[in-house]
Protein chains: 2
Amino acid sequence: MDDPGNGGHAALVQLQAYLAQMDHAGETRLPAERELSESLGVSRGDLRKALAVLEKDGRIWRHVGRGTFVGSGPVEETIGISEIAGRTNPADVMRARLIIEPEIAREAALHATLSDIASMRQSLVQTRDAGTWRQYENIDNLLHRQIAQASRNNVLLGLFDVLNAVRRTVVWGRLRSEGTRPPADHHSFADHERIVEAIAERDLGGAAAAMRLHLQQVERRLIPVREAAE
Amino acid sequence: MDDPGNGGHAALVQLQAYLAQMDHAGETRLPAERELSESLGVSRGDLRKALAVLEKDGRIWRHVGRGTFVGSGPVEETIGISEIAGRTNPADVMRARLIIEPEIAREAALHATLSDIASMRQSLVQTRDAGTWRQYENIDNLLHRQIAQASRNNVLLGLFDVLNAVRRTVVWGRLRSEGTRPPADHHSFADHERIVEAIAERDLGGAAAAMRLHLQQVERRLIPVREAAE
DNA sequence: AAGGGAAATCATATGCGAATTGGTTAAATT
DNA sequence: AATTTAACCAATTCGCATATGATTTCCCTT
């Protein structure tokens, strides 16, 4: 039993027993390696070998400074916007918007309450009254978020917020010339109205199509034409 | 000029000048109110009135403990998974998956490299070899993420990660009975193979359809039937 | 001399208290 | 009477001490 090379195996057995006993208690974090090695009566090296096996097996999860946990690892609690934004570009952001926002509009057409729709219509008026591009963009942001909120699906709303944060980080600084204001015939005004009207009429496909059209207009404006690519 | 009631206006003018001078320097954070009021030679109360005007206008953004910033506010740098997960339910998560994952599969069919596809095929084999449900779920997770990675769109990949983290938080603890292993005729095996094959054949629509079918199977398994709702 | 274990060391993460900052209220001053 | 000033509150950040997993070094046993 004390053969060299079996020490690791013995530690693995003891550790598995410990895990089974602990898993029933609902605890997910196990003691520090220094304590556990002494508690189990095995060397820290052997304990680490056993832990490595279980980690590769996906039964535990280790992280420096935090500890060792049972299960498929503590779900990453927060995600960094800049981590995503740092490795992408405006084209990919638009692609992602074109994928999820039309479907969000579709869900909104299905689930929006009358008060949701009233809020959207109020934002529509405010976009036309915007005196500066900055004001316009704020209200435009608000309107798109109101649509996401009207989907009554907090997961979609959360994904929208992430996407929006990434977008604002990626295109940061790309401000339109200050002082000027959105022209009265700006395409977005009509686009937005079509979207809200489709939602109000519970036209699921129409809402999705209107949103898709709107985003394609924005894309065309943001990225120089590249017809052949599609 | 020293009329009472005009003090606020004077402060607003000075502050706007300060903002214009600072905005060109690229700095987004302005000094603390106590310093700035002394620096501009106005009372803190008047300064705060001016700041309130600019904030309502969307030109600056204030947050306790952090400071005051120019622009439409410092983009929220991190988003908490539990904030999303705490206000949702498995049905909404599945809904969101059904919206974005098929489209991710479509993008993957368009952009996947040969090495991407090879990795997926390897995961396919491993899912069949999984000895426990826990192992199976780990590899299943990996496969879905490989597909998202193959889209070559880091925004979509980031959104997938968020969605995945939310999913794992929402259904946390809903573990299948330990010890048993996935049956050989588990529907996911065939589903996964169809998805990967469609991606390998660059069949965009097929990949999306196969993924949608797969997720609908999973949904049916997770949530008791509710045919009438659709 | 070789192998293995214990201790030292490193890099990362957390916890806590002090300092900072916007928001609010009370006192003081003119 | 009104405004400025100061004091206080609540939320946030920052720095330092501590904890933890990873890695290296040293020493002892055989």
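Letters A, B, ... mirror the listed sequences (proteins, then strands); counts begin at 1.
Looking only at atom types and distance, the side chain of Asp140(A) has a donor-acceptor partner in the side chain of His192(A) under 3.5 Å away. Using modelled atom types and a 3.5 Å distance limit, the side chains of Asp191(B) and Ser188(B) yield no donor-acceptor pair.
Across the protein-nucleic acid pair, Glu38(A) atom CD and dG5(C) atom P stand 15 Å apart, rounded to whole Å. The interatomic distance linking Glu33(A) (CD) with dT23(D) (P) rounds to 11 Å, in whole Å. The separation between Phe69(A) atom CZ and dA13(C) atom P is 12 Å, rounded to whole Å. In this entry the distance linking CZ of Arg48(A) with P of dC10(C) reads 17 Å, nearest Å. The distance between atom CG of Leu36(B) and atom P of dT21(C), rounded to the nearest whole Å, is 12 Å. As a whole-Å value, the separation of Lys49(A) NZ from dG5(C) P is 7 Å. The distance between atom CG of Leu47(B) and atom P of dT4(D), rounded to the nearest whole Å, is 12 Å. Taking atom CZ on Arg62(A) and atom P on dT12(C), their separation rounds to 17 Å, with Å as the unit.
Phosphate proximity of dG22(C) to Thr68(B): present, with a side-chain N or O under 4.0 Å from OP1 or OP2. Arg66(A) has no side-chain polar atom (N or O) that falls below the 4.0 Å cut-off from OP1 or OP2 of dA19(D). Residue His63(B) places at least one side-chain N or O closer than 4.0 Å to OP1 or OP2 of dT12(D).
Taking the side chain of Asp46(A) as heavy atoms from C-beta on, and the options dT21(C), dG5(C), dG21(D), the nearest nucleotide is dG5(C). Side chain of Val64(B), nearest nucleotide from dT20(D), dG23(C), dA6(C): dG23(C).
Nearest heavy-atom pair across Asp92(A) and Arg152(B) is OD2-O, 3.8 Å. Across every non-hydrogen atom of Ile147(A) and Ala108(A), the tightest pair is O-CB, 3.5 Å.
Not a single donor-acceptor pair, N or O on each side, falls under 3.5 Å between the base of dG4(C) and the side chain of Arg44(A). Side chain Arg29(A) to base dG21(D): no donor-acceptor pair is found below 3.5 Å. The base of dG21(D) lies close enough to the side chain of Arg34(A) for a donor and an acceptor atom to sit less than 3.5 Å apart.
Salt-bridge check for Asp161(B) with Arg145(B): passed, with a basic side-chain N closer than 4.0 Å to an acidic carboxylate O.
Within the nucleic acid shown, Gly67(B) comes within 4.0 Å of sugar-phosphate atoms alone, with no base atom in reach, counting heavy atoms only.
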